[in-house]
There are 2 protein chains.
Amino acid sequence: MSAVSDFRSRAEGPRASTGRVEVVGLGPGPERWLTPEASEALEQASDVIGYRAYTARIAPRAGQTVHGSDNGDELVRARHALELASTGRRVAVVSGGDPGVFAMASAVFEAIERGPLAWRALDVRVLPGVTAMLAAAARLGAPLGNDFCTINLSDNLKQWSVIESRLSLAAQADFVIALYNPASSARPEQVHRAFAILRGLRAASTVVVFAKAIGRPDEQVVLGTLGEADPGQADMRTLLLIGASRTRLIERTGQAPWVYTPRYVEPSPAPSAAARFDETP
Amino acid sequence: MSAVSDFRSRAEGPRASTGRVEVVGLGPGPERWLTPEASEALEQASDVIGYRAYTARIAPRAGQTVHGSDNGDELVRARHALELASTGRRVAVVSGGDPGVFAMASAVFEAIERGPLAWRALDVRVLPGVTAMLAAAARLGAPLGNDFCTINLSDNLKQWSVIESRLSLAAQADFVIALYNPASSARPEQVHRAFAILRGLRAASTVVVFAKAIGRPDEQVVLGTLGEADPGQADMRTLLLIGASRTRLIERTGQAPWVYTPRYVEPSPAPSAAARFDETP
């Protein structure tokens with residue numbers, strides 16, 4: 001790759017110190033969840049790189065180049081950003097949510113690890129954001145109020161057996177479980193298999209929530225139970241939450257119930273704790 | 001409690017619709033991580049309620065009442081907020097980080113569940129924020145780049161046996177583990193016991209990170225290995241990260257290494273993935 005020797009020589013030149021990669025979390029969508037730090041990075045960037053669905057959210061300023069790409073190989077996008085930064089550009093790599101949670105940050109460091117040593121001298125920063133699970137939790141109440149785990153259900157980059165094992169151990173640990181990427185048109189089956197595993201280990205009354213496109217105009221929240229919910233309603237814009245044994249609803253008149261998980265854990269959680277929720281602790 | 005009947009009658013009056021509780025995440029500290037939504041809620045609130053360490057961060061506007069309290073019973077604070085909202089006040093309950101992660105949101109819903117039915121008609125909203133683990137991860141690189149879990153190491157509200165079991169299952173699942181509240185002056189021992197459990201289940205070379213006061217002027221990051229790190233350096237301002245088997249460092253000349261966890265999981269992870277790290281960044 002001739003580009004490599006190219007940027008190497010430039011990295012030693014005077015413009016090198018101005019080159020930078022900022023891996024920016026856009027949050028789940030609305031401006032109200034975009035941090036001031038992220039806004040400033042987008043404002044200052046000479047180049048914005050990302051999946052087109054995310055770059056489309058940004059109103060580019062004059063002189064700024066937006067490189068929207070398909071939802072393809074994140075490593076290609078990461079290398080592109082590092083190459084541009086090596087020539088002195090200030091590059092914002094954008095992700096939805098938080099860039100460190102199943103998004104571009106890990107791809108950027110993977111590219112650096114596999115790339116030329118000069119990339120390790122670049123100014124690379126990750127700017128945190130509100131990840132989907134926090135936005136969904138806030139919308140619902142406080143379902144993550146006790147210990148929880150976060151699993152990417154896609155088996156594009158890991159074996160299904162690893163996911164199965166993690167689901168099983170997480171269910172045994174009585175974690176609230178947040179599932180990212182539960183399904184897509186290319187992977188409709190995994191979420192059904194995940195439900196089959198969880199149904200064998202958790203009570204049928206366990207609260208489950210399908211939180212779709214939280215914060216977007218077409219936001220949708222569906223509450224159900226592990227025993228009865230149809231996993232097929234999950235899609236690639238869904239964050240799926242599986243409650244712990246004590247996760248429960250607070251019923252309201254004329255409004256959707258709140259969902260919350262108490263902070264305390266009693267010696268032996270009542271098996272029916274997730275059931276009807278008319279009891280007060 | 002006469003306050004109860006008090007707010008009940010007022011809740012039916014004309015001011016009821018203006019009463020509101022917003023549970024606001026302040027993020028880990030700096031303004032650059034405070035969402036516009038949270039800023040606006042703080043600006044609009046008639047009353048701000050929270051642990052003094054958090055309310056001290058807020059410059060109150062004219063006419064706003066700040067109720068700073070000790071780091072005591074969160075339920076008392078939650079009830080106070082709900083009572084004020086019942087009289088028509090617009091109350092911001094503030095938490096560091098994200099309010100849904102081991103913070104005030106769960107306490108507010110617990111208070112509602114145990115409280116008078118009228119509280120269920122109140123306008124209660126949770127505003128998400130950047131939680132400590134996301135800020136720490138961003139500061140380090142991308143350590144949460146694969147599946148992870150989040151455990152509160154305090155046994156104030158749950159039995160130690162529950163924590164032990166969760167640690168053990170999380171280690172077996174090869175999650176990256178984020179530990180909140182790893183230690184305090186009243187609870188110095190738990191983090192030592194946690195390390196003992198993890199040392200029995202994970203390689204000695206596993207990456208561990210003590211991330212203290214991230215984003216604050218006295219921020220400090222200490223990298224080490226599970227086998228050699230001293231758990232005693234954790235305190236109540238520390239977010240402790242225990243890497244997965246594939247979590248590793250990217251060495252840099254003259255700078256602290258980056259820490260990241262690859263997105264992919266190979267059939268059998270290399271046991272030595274977490275290599276060496278005796279230094280402090």
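Letters A, B, ... mirror the listed sequences (proteins, then strands); counts begin at 1.
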Colleague: Could you measure the distance from the CD atom of B:Glu113 to the CG atom of A:Leu249? Nearest 0.5 Å is fine.
Modeller: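 That separation rounds to 10.0 Å.
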
Colleague: Could you look at B:Asn152 and say if it's the side chain, the backbone, both or neither that has a heavy atom under 4.5 Å from chain A?
Modeller: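 Both backbone and side chain.
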
Colleague: Pick whichever of A:Ser161, A:Pro257, A:Pro128, A:Gly254 has the most heavy-atom pairs under 4.5 Å with chain B.
Modeller: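 The answer is A:Pro128.
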
Colleague: Considering heavy atoms only, which positions within residues 21-29 of chain B lie below 4.5 Å of chain A?
Modeller: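 From residues 21-29 of chain B, none sit under 4.5 Å of chain A.
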
Colleague: Counting only N and O atoms by type, is there a donor-acceptor contact under 3.5 Å from the side chain of A:Arg32 to the main-chain atoms of B:Pro36?
Modeller: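 No; judged by distance alone, with no hydrogens or angles, the pair does not exist.
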
Colleague: Under 3.5 Å, is there a donor-acceptor pair between the A:Glu110 and B:Tyr264 side chains?
Modeller: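 There is no such pair (donor and acceptor under 3.5 Å, judged by atom type) between the side chains of A:Glu110 and B:Tyr264.
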
Colleague: Between A:Pro99, A:Cys149, A:Ser106, which shows the greatest number of heavy-atom pairs under 4.5 Å with chain B?
Modeller: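 Of the options given, most contacts go to A:Ser106.
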
Colleague: Highest number of heavy-atom pairs under 4.5 Å with chain A: which of B:Ala137, B:Gly141, B:Pro262, B:Ala105?
Modeller: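 It is B:Gly141.
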
Colleague: Checking side chain to side chain contact (heavy atoms under 4.5 Å, CB included) between B:Thr131 and each of A:Leu134, A:Leu144, A:Val130, which is the one that passes?
Modeller: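 Among the candidates, only A:Leu134 passes.
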
Colleague: Of all of B:Ala138, B:Pro143, B:Gly145, B:Ala142, which one pairs up most often with chain A through heavy atoms under 4.5 Å apart?
Modeller: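 Among B:Ala138, B:Pro143, B:Gly145, B:Ala142, the one with the most close pairs to chain A is B:Ala138.
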
Colleague: Need one label for A:Trp33: side chain, backbone, both or neither, based on atoms under 4.5 Å from any heavy atom in chain B.
Modeller: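 Both backbone and side chain.
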
Colleague: I'd like to check B:Phe109 versus A:Thr261 (side-chain heavy atoms, cut-off strictly below 4.5 Å). Are they in contact?
Modeller: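 Result no, sub-4.5 Å side-chain heavy-atom pair not found.
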
Colleague: Could you give me the CA-CA distance, side-chain angles and deciding distance for A:Thr150 and B:Asp147, then say whether side chain to side chain contact (heavy atoms under 4.5 Å, CB included) is met?
Modeller: CA-CA 6 Å; A:Thr150 310; B:Asp147 303 329; over 6 Å; no

Colleague: Given that the side chain runs from C-beta out, which part of B:Phe148 has a heavy atom under 4.5 Å from chain A: side chain, backbone, both or neither?
Modeller: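 Both parts, backbone and side chain.
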
Colleague: Just give me the residue among A:Ile177, A:Asn146, A:Leu34, A:Ile163 that pairs up with chain B most often, heavy atom to heavy atom, under 4.5 Å.
Modeller: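 Counting heavy-atom pairs under 4.5 Å, the top option is A:Asn146.
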
Colleague: Check whether A:Met133 gets within reach of chain B through its side chain, its backbone, both or neither, counting any heavy atom under 4.5 Å.
Modeller: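 It is the side chain, since no backbone atom gets that close.
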
Colleague: Heavy atoms only, distances under 4.5 angstrom: which of B:Glu37, B:Glu31, B:Gln172, B:Arg125 has the most pairs with chain A? Name it, please.
Modeller: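 Looking at each of B:Glu37, B:Glu31, B:Gln172, B:Arg125 in turn, B:Glu37 comes out on top.
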
Colleague: Heavy-atom pairs under 4.5 Å with chain A are the metric here; pick the option from B:Ala135, B:Ser165, B:Ala107, B:Ala170 that has the most.
Modeller: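 So the answer, after comparing B:Ala135, B:Ser165, B:Ala107, B:Ala170, is B:Ala107.
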
Colleague: Looking at A:Arg166, A:Glu40, A:Lys158, A:Gln255, which one has more heavy-atom pairs under 4.5 Å with chain B than the rest?
Modeller: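 Counting heavy-atom pairs under 4.5 Å, the top option is A:Arg166.
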
Colleague: Checking A:Arg120 side chain against B:Arg252 main chain: does a donor-acceptor pair fall under 3.5 Å?
Modeller: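 No.
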
Colleague: Taking the side chain as every heavy atom from C-beta outward, state whether B:Ile151 and A:Phe175 have any atom pair closer than 4.5 Å.
Modeller: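 Side chain of B:Ile151 against side chain of A:Phe175, heavy atoms only: contact under 4.5 Å found.
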
Colleague: Calculate, to the nearest 0.5 Å, the distance between atoms CG and CZ belonging to B:Leu127 and A:Arg139 respectively.
Modeller: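 One gets 13.0 Å once the value is rounded to the nearest 0.5 Å.
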
Colleague: Between B:Glu74 and A:Arg263, does the salt bridge (charged side-chain N to carboxylate O under 4.0 Å, His left out) criterion hold? Intermediate values first, please.
Modeller: CA-CA 11 Å; B:Glu74 288 88 358; A:Arg263 304 166 301 150; 3.1 Å; yes

